[in-house]
Amino acid sequence: MIGEIGHFALALGCILALTQSVLPLIGAHRADARLMALAAPLAVAQLIAIAAAFAALLWAFAVNDTTVSNVVLNSHSAKPLIYKFSGAWGNHEGSMVLWVLILALCGGAVAGFGRDLPSALQARVIGILGLIAAGFLGFIIFTSNPFERVWPPPMDGQGLNPLLQDLGLALHPPMLYLGYVGYAVTFAFAVAALLEGRVDAAWGRWVRPWSLAAWSFLTLGIALGSWWAYYELGWGGYWFWDPVENASLLPWLIGAALLHCAIVVEKRESLKIWTVLLAILAFGMSLLGAFLVRSGVLNSVHAFANDPARGVFLLGLLMIYVTGALALFAWRAPRLGGTGIFAPISREGALVLNNLLLCSITAVVLVGTLWPMFADILFGAKISVGAPFFNAATAPLVVPLVAAMAVGPLLAWKRADLAGALQRLWWVGLLAVASAFLTLLIAGYHVWPALGFAAAAWLIGGAAADILDRIAAFRRPSQAWNRARGLPRAAWGGAIAHAGMGVTFAGLAGMGLATDALVELKPGQSTRLAGYEWRLESIRDVQGPNWSSRRATITVLDGGRVVTVLTPEKRFFPVGRMNTTEAAIHTNALRDLYAVLGDEREGGGVVRLHHNPLAPWIWFGAGIMALGGGLSLSDRRMRVSAPSRKAAPAPA
Amino acid sequence: MTRKKRRLYILLLCGLGLGSATALTLTAFQDNLVFFRSPSDIMREAPAANRAFRLGGLVEAGSLERSTGADGKPTANFRVTDGAHVIRVSYAGVLPDLFREGQGVVTLGTMQPDGVFRAKEVLARHDETYMPPEVADALKRAGHWNPAQGAAPPPAEWNTAPRRGG
């Protein structure tokens, strides 16, 4: 019964979404205030319907309702409750319901907090959001019904893939979808602006917080996924340039370009057309990601069920939304001409450079991700594009991007003095060169890690220089504290996000110096790695709630002092008959000691040991970036006339 | 600066960005495209010695043995077959959880002069019923499996081919 209610709620939501898109758009076109006024209530009604459907799905998982096929395939009664819930969105159908729920929440937020928006613009934005929601609800209803029944019901479910029974991964999809779907709102604003034929500073003030929020959540989502791959997959890596990872990186890159560009629109009323195009592309990349992940056209370690019908449906949605928006763009964009004029050396110029480089990186990653698919279709060649390609092709673009990242914020709007800005950065440059040399001196001849540390020092130092300059810490030290308090939070947020990028670079550079060893040890034997003595004590059986495992105990010693005891495991899950490798990690924030248990033979075991300097900084940095985004969002200027993202928290 | 001049600058910049991105992509493609080869492909045409490629097929049943390599590292040796031909593979590392004899596998590495494929990475998927598409394709080309007639035959039948290089 609950399942049918959920299904009905989805269908109701679809109809409401269609109404929500058609009536307000007509109303805005005819300037009919009554039709436009329908937008907000319809968006809220759709939100209620989708929330009911999502609640029904959660309920089915919570009580382990085995008449629902989705529950049978992805859940099991002997599973902690939190993973029953996360199992609800850990599969294709359920994750789509989460997707439309977040979309409906965004629509509700625009309806609830958008009262100061011009009513025609609000009606159009909500209408476009309704159009997107209707497409995805149709997709769920026609190809991926999460409430499908099975008869006769089996005794119990088949269990969730044990790799996914993890807290990091329970939070990963909601974060990622908040990011993807956030770009649906900027997309809706872009299309609404094209329909209106007007982009102004007020529009920029609205688009900026949404792109900031979407980008911050996407940052967190990507970081969580990468962290999960690091500790759960046990391969010792954190980023594999897998097509599905790239699918989340593409909107992140375009989104970063968009949020910088939106600053220019808001402050200088310039680069309007370009910003609108970026907003369309950012959502296009989100949709492309959804298509790539769910259609199975690409060969990836992520295995969502591969169903051609879904792929075709999603490709259809992608074509309709993106080509529709681009056609509208080609037709209407010339009306949106910018007014602000700027010299090439200026804050605007720096942001144009930022956009150019970010878009070039996006293009390179896009080509590398899609090429295997085209090579297969066009030439029948089975090829793959791996990490060496992406590293070689993006590094030359990342270097100038990082170089400009520290300089850009010091440039003035309209016309700036580059020599002056560089003069204020002299000590940062010195710091960067010193870190590079120090790395080479300590770690030997490793060019990329040395460059990475230089980039880290350059970015963190650059952010500090930016803040010191704004509060005039050297010129008028007595007033520095007051000026620091008076500084807009957006300035702090920007500097912190840039510094976060620097922290991530330090982590990446540290991982470039990681060392590992593959050894076969018998209990009592030990090996040396990175100055530590790693001693295998024992390998024995352990019983868990829904798994049994072989657990190795490895004591790590530093000159006779015990640093930590690592217990890597190989777990066996009887439900689903799956093995997983549980890596054991000890971190002290400066380095990770990482151990993986391999095969056992003649009383001994093969163990893979890693020493990963600064590894946690990769994800700390991402957290700091998201924090910077959040701080920018809480800026007074945005609070006054813009919505707060608090209205759209991750549904627990 | 006039509007026209600015537009020219922006166009030039975009051209520069697009051009450099294209150039970077093409040069990186030249060195880093990784081709997929089945055991039959390798028998037909010996691959270049130092160029990495992906070898895929089924892990021959009963072929997995573990030893300690010349460099003292624990090594897994197994044979990969597409039904027609067999290639020996050696891999110094921990095999993934889903690695099984008789199941599909894709490995990345280089061909050694002694005819053994030295794998740097062994990929097995999250899902044990999953057959890598390249492997399915290689099996079809070797004429040993028509997916239209159902699932892949049991692993024992993959070993009927005369052994070469294995």
Side-chain angles (χ1 to χ4, degrees), chain A residues 161 163-164 233-235 274 296 299 301-303 337 341-344 352-353 355-357 359-364 367-368 371-372 375-376 381-397 517-520 570-571 577-581 596-599 601 606-608, chain B residues 1-3 6 9-10 13-14 16-29 31-38 41 52-54 56 64 66-69 71-76 92-99 106 108 121 123-130 132-134 137-138:
Chain A
N161 185 336
L163 285 171
L164 307 182
L233 293 182
W235 299 339
W274 177 239
N299 221 338
V301 292
H302 293 64
I341 291 185
F342 54 87
V352 168
L353 183 68
N355 275 240
L356 193 70
L357 289 168
C359 290
S360 303
I361 296 173
T362 313
V364 169
V367 170
W371 183 245
D376 191 11
K382 301 280 179 198
I383 56 169
S384 60
V385 176
F389 165 80
F390 290 105
N391 292 338
T394 55
L397 294 167
L518 180 76
V519 286
E520 185 168 350
K570 279 183 93 70
R571 280 189 191 162
R577 307 189 49 74
M578 273 211 41
N579 285 303
T580 66
T581 303
V596 177
L597 174 64
D599 310 298
R601 194 156 62 98
V606 173
V607 286
R608 193 155 41 84
Chain B
M1 182 182 294
T2 62
R3 189 157 294 228
R6 190 176 63 146
Y9 269 118
I10 290 180
L13 263 175
C14 285
L16 195 72
L18 213 66
S20 58
T22 318
L24 282 169
T25 309
L26 289 179
T27 46
F29 262 165
D31 303 331
N32 297 308
L33 272 193
V34 181
F35 286 88
F36 177 88
R37 288 189 172 87
S38 70
D41 294 337
F53 65 94
R54 275 145 75 101
L64 178 66
R66 295 167 210 279
S67 64
T68 306
D71 49 359
K73 284 190 175 176
T75 306
V94 173
L95 288 171
D97 297 317
L98 287 171
F99 182 89
V106 174
L108 172 70
E121 283 173 32
L123 312 169
R125 302 295 162 150
H126 284 185
D127 177 357
E128 64 181 85
T129 55
Y130 180 78
E134 306 101 326
D137 186 58

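Sequence lines set the chain letters: A, B, ... in the order given, protein chains first and strands last, and positions in each chain run from 1. Model, not experiment: these values are computed from the prediction.
For B:F29, the parts lying under 4.5 angstrom from a heavy atom of chain A are both the backbone and the side chain. Only the side chain of A:L356 comes within contact range of chain B, with at least one heavy atom under 4.5 Å from a heavy atom of that chain. In this structure, chain B has a heavy atom under 4.5 Å from the side chain of A:W371, while its backbone stays farther away. Contacts between A:V519 and chain B at a heavy-atom distance below 4.5 Å involve the backbone alone (N, CA, C, O).
Residue A:S384 comes nearest to B:R54 through the heavy atom pair OG-CD, 2.9 Å, listed as atom of the first residue, atom of the second, then distance. The shortest non-hydrogen separation linking B:L24 to A:A392 is CD2-O, 4.5 Å.
Between chain B and the options A:L357, A:T580, A:V352, A:L397, heavy-atom pairs under 4.5 Å are most frequent for A:T580. Residue with the most contacts toward chain B among A:G598, A:P388, A:A375: A:P388 (heavy-atom pairs, distance under 4.5 Å). Chain A forms the most heavy-atom pairs under 4.5 Å with one residue out of B:A23, B:A28, B:A76, B:G56, and that residue is B:A28.
Residue A:F389 is tested with B:T25, B:V34, B:L33 for a side-chain contact (heavy atoms from CB on, under 4.5 Å); the sole match is B:T25.
With rounding to the nearest 0.5 angstrom, the OG1 atom of B:T75 is 8.0 Å from the CG atom of A:L518.
The salt bridge (Lys or Arg N to Asp or Glu O under 4.0 Å) test applied to A:R571 returns A:E569, A:E582, not counting sequence neighbours. For B:D41, the salt bridge (Lys or Arg N to Asp or Glu O under 4.0 Å) partners are B:R44, B:R141, not counting sequence neighbours.
The closest side-chain heavy-atom distance from B:R66 to A:D599 is below 4.5 Å.
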